[in-house]
Amino acid sequence: MNLATVATVFAVIFTAELPDKTALASLILGSRYRPSWVFAGVAAAFAVHVGLAIAAGSLLGLLPHRPLEIIVAVLFAIGAVVLLRGRHDDDDEQVELHGKEPGFWRVAGMSFAVIFVAEFGDLTQIATATLAARYHDPASVATGAILALWAVAGLAIAGGRGLLKLISLTWISRIAALIMLVLAGVSLAAAVS
């Protein structure tokens with residue numbers, strides 16, 4: 001393993017992922033559910049994506065972009081509706097779904113699914129594939145990419161928990177729903193252009 005390659009890949013992927021929609025999704029999930037459970041799902045989704053990027057190399061750029069953007073737009077719109085229709089109790093740290101707290105598998109699974117779909121064909125996945133093709137060192141590229149993605153997710157999830165100390169869950173949910181609707185619109189516009 002080449003540490004210079006790991007550091008280079010980390011710097012590139014970390015910087016590219018910071019303003020990404022998946023960081024925002026991690027922040028929103030982290031504000032609503034137990035952070036360690038969210039991180040487990042998010043980390044697994046990123047690991048799968050890095051594995052796919054490494055395995056597929058630059059071929060990932062050839063996947064049909066339009067259908068993926070439409071799916072992402074629909075999922076963000078559904079997420080916004082779910083957030084707006086959900087019951088919010090500002091005294092509860094955990095959000096209740098259907099009268100009971102969501103368990104680890106439900107939170108981790110939902111976090112995995114959101115990130116898995118949103119990240120598919122994303123800039124950082126394509127960048128990882130490109131870096132893998134350039135460096136011909138899959139272990140170093142995978143290590144740098146996974147560490148960068150996990151670092152951004154960890155920062156976003158921690159930020160989500162901090163938001164609860166400043167803003168009520170009801171307002172976080174409303175703001176998150178608005179942001180998800182905007183992201184749905186952006187994804188739909190990318191699909192039709």
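It should be emphasised that the depicted structure is a prediction, and the values quoted were computed from it without experimental measurement.
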*Asks:* Do you know which two heavy atoms are closest between I157 and G30, and how far apart they sit?
*Replies:*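 Minimum heavy-atom separation between I157 and G30: CG2-CA, 4.0 Å.
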*Asks:* Please round to the nearest 0.5 Å and tell me the distance separating atom OG1 of T128 and atom CZ of F46.
*Replies:*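 It comes to 10.0 Å.
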*Asks:* Hey, can you tell me if F116 and H49 have their rings parallel, tilted or perpendicular (30° and 60° cut-offs)?
*Replies:*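 F116 vs H49 ring planes: tilted.
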*Asks:* Do V38 and W150 share a hydrophobic cluster, counting only Ile, Leu, Val, Met, Phe, Trp and Tyr and linking them when any side-chain heavy atoms are less than 4.5 Å apart?
*Replies:*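 Same cluster: V38 reaches W150 through Ile, Leu, Val, Met, Phe, Trp or Tyr contacts under 4.5 Å.
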*Asks:* Looking only at heavy atoms, what is the nearest atom pair of I13 and A145, with distance?
*Replies:*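 Of all heavy-atom pairs spanning I13 and A145, the closest is CG2-O, 4.1 Å.
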*Asks:* Here's a test for you: under side chain to side chain contact (heavy atoms under 4.5 Å, CB included), which of L155, V9, L147 qualifies with F14?
*Replies:*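 Looking at L155, V9, L147, the match for F14 under the side chain to side chain contact (heavy atoms under 4.5 Å, CB included) is L155.
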*Asks:* When hydrophobic residues are tied together by side-chain contacts of less than 4.5 Å, even through go-betweens, does F39 share a cluster with L29?
*Replies:*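 They do share one cluster, since a chain of ILVMFWY contacts under 4.5 Å joins F39 to L29.
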*Asks:* Does the side chain of M1 come within less than 4.5 Å of T143's, by heavy atoms?
*Replies:*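 Yes, close enough: below the 4.5 Å cut-off.
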*Asks:* Taking V141 as the starting point, is it possible to reach V6 by hopping between hydrophobic residues whose side chains are less than 4.5 Å apart?
*Replies:*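 Different hydrophobic clusters.
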*Asks:* Are I115 and S26 close enough that some pair of their side-chain heavy atoms sits under 4.5 Å apart?
*Replies:*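 A side-chain contact under 4.5 Å exists here.
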*Asks:* Kindly compute the distance separating CZ (F10) from CD1 (I146), expressed to the nearest 0.5 Å.
*Replies:*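 Those atoms lie 12.5 Å apart.
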*Asks:* Keeping the roles fixed (side chain from S140, backbone from N2), state whether a donor-acceptor pair exists under 3.5 Å.
*Replies:*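 Answer holds: yes.
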